[in-house]
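Protein chains get the first letters and strands the later ones, always in sequence-line order, with residue 1 at the start of each. Note that the coordinates shown come from a computational prediction; the quantities given were computed from them, not determined experimentally.
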Amino acid sequence: MHELPVTQGILQVALDTAQQNGALSITDIHLVIGAMSSIVDDSVQFYFDMLNRETLAAGARLHFRRNPAIATCLQCRHQFEVTPPLAAECPVCGSAQLQVAGGREFYVESIEIE
Amino acid sequence: MTTTIPVVKHILDANEQLAAVNRTTFAQAGVLALNLMASPGAGKTSVILATTSRLPAAIRPAVIEGDLASTIDADTIAARGLPVVQINTGGGCHLDANMIAAALPNLPLGQFNLLLVENVGNLVCPANFALGTHLNVVIGSVAEGHDKPYKYPGMYAAADVVLLNKSDLIEVFEFDLGYFQRGLTMVNRSAPLFVMSCRTGVGVDAWVEWLQEAWHNAFEMTRR
């Protein structure tokens with residue numbers, strides 16, 4: 001939904017890091033984005049290819065690691081990955097007592113430079 | 001041959017840093033700041049009106065209104081005699097820390113100790129853009145249906161407190177309150193839920209009492 005400011009954020013973090021390390025160019029950017037975030041990877045790539053022109057990040061490849069959110073059933077302890085819309089019941093025992101954790105990561109993990 | 005540089009920085013790092021500056025401004029001014037987030041029409045402005053009319057004299061509120069366009073909400077708040085600033089994003093779907101920083105000089109800092117920021121009506125984006133506020137208040141409405149915590153877990157997980165407005169319509173909408181509560185608890189174990197109707201007044205006092213306690217606790221911590 002707001003992939004443009006997100007892409008600008010990624011670019012800024014990557015360029016700041018590259019400049020601090022005296023890089024000539026950025027070849028790859030590794031991102032960790034949780035499954036609960038509403039970011040569409042293709043849209044980010046689309047904006048990124050437009051915004052990175054004439055910067056140190058021109059031509060850089062984006063890598064998305066989508067961390068899942070994990071639901072735990074408080075009845076039978078079964079664990080399973082979830083993405084929105086979230087399940088209301090455990091697929092194994094049918095209990096409605098679920099706990100969801102994780103999937104909220106939103107950071108630039110590393111960049112590769114030359 | 002490439003070199004890998006570890007970064008581990010929030011993607012919206014620039015906004016996070018500005019939010020931290022805002023948080024310092026609030027602390028120095030002795031202000032508890034709330035970020036009110038909800039879908040359009042759920043009751044953000046109604047909650048502000050219902051809350052501010054019930055606060056004791058010691059708690060002096062001010063409001064920042066966020067909308068794509070128009071001053072409709074700010075005008076309503078101003079008519080109540082409260083200090084208010086309207087931010088028009090011109091199409092942006094959420095407020096960010098920079099907008100809050102730009103709005104603050106237009107408020108009489110030093111004359112209020114509670115700030116209610118009404119974010120743009122949106123159940124998705126605002127959760128990702130920190131403002132420097134202290135509490136995320138997510139306002140759901142019965143008219144939206146009881147499945148919203150399941151569909152918008154990011155927003156409900158980010159809440160420090162959840163208000164469910166329009167409780168007077170529970171029967172009309174066949175709203176399953178238990179289903180809604182389970183969805184909320186599933187993604188957020190700590191946020192209390194206040195079921196209310198701003199229109200009839202039912203349930204509002206309990207929320208205002210909670211807010212008063214939060215306000216007292218905030219300032220006890222800064223006094224230590």
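- Heavy atoms of Phe129(B) lying under 4.5 Å from chain A belong exclusively to its side chain.
- Heavy atoms from other residues, nucleotides or ligands lying under 6.0 Å from CZ of Phe64(A) number more than 12.
- With rounding to the nearest 0.5 angstrom, the OG1 atom of Thr2(B) is 10.5 Å from the CD1 atom of Ile111(A).
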Which atom pairs, donor and acceptor, lie under 3.5 Å between side-chain atoms of residues 72-92 of chain A and protein residues at least two apart or in another chain?
residue	atom	partner	partner atom	Å
Thr72(A)	OG1	Gln79(A)	NE2	2.9

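- Looking at Ile33(A), the atoms closer than 4.5 Å to chain B (heavy atoms on both sides) all sit in the side chain, from C-beta outward.
- Separating the CD atom in Gln97(A) from the CE atom in Met186(B) is a distance of 12.0 Å, to the nearest 0.5 Å.
- Contacts of Ala158(B) with chain A are made by both backbone and side-chain atoms, with heavy-atom separations under 4.5 Å.
- Your options are Met1(B), Lys9(B), Lys151(B), and the one with the most heavy-atom pairs under 4.5 Å with chain A is Lys9(B).
- At a 4.5 Å heavy-atom cutoff, the contact between Val13(A) and chain B is made by side-chain atoms alone.
- If you measure heavy-atom distances from Thr27(A) to chain B, the contacts under 4.5 Å come from the side chain alone.
- Residues Ile113(A) and Ile5(B) are in side-chain contact: their nearest non-hydrogen atoms beyond the backbone lie under 4.5 Å apart.
- Around atom OH of Tyr152(B), no more than 12 heavy atoms belonging to other residues, nucleotides or ligands sit under 6.0 Å away.
- Other residues, nucleotides and ligands contribute only 12 or fewer heavy atoms inside 6.0 Å of the CD1 atom of Ile72(B).
- Within the model, atoms OG1 of Thr17(A) and CG of Asp13(B) stand 9.0 Å from one another, a figure rounded to the nearest 0.5 Å.
- Counting heavy-atom pairs closer than 4.5 Å to chain B, the top-ranked of the candidates Gln12(A), Arg104(A), Met36(A) is Arg104(A).
- Counting heavy-atom pairs closer than 4.5 Å to chain A, the top-ranked of the candidates Arg189(B), His94(B), Arg182(B) is Arg189(B).
- Looking at Asn128(B), only its side chain comes within 4.5 Å of chain A, counting heavy atoms on both sides.
- Closest non-hydrogen pair, Leu12(B) versus Val6(A), comes out as CD2-CA, 4.2 Å.
- Contacts of Gln99(A) with chain B are made by both backbone and side-chain atoms, with heavy-atom separations under 4.5 Å.
- A distance of 4.5 Å separates CD1 in Ile11(B) from CZ in Phe106(A), rounded to the nearest 0.5 Å.
- Comparing Gly103(A), Ser110(A), Gly34(A) by how many heavy-atom pairs each has under 4.5 Å with chain B, the most go to Ser110(A).
- Between chain A and the residues Pro153(B), Gly92(B), Ala127(B), Ala14(B), the largest count of heavy-atom pairs under 4.5 Å involves Pro153(B).
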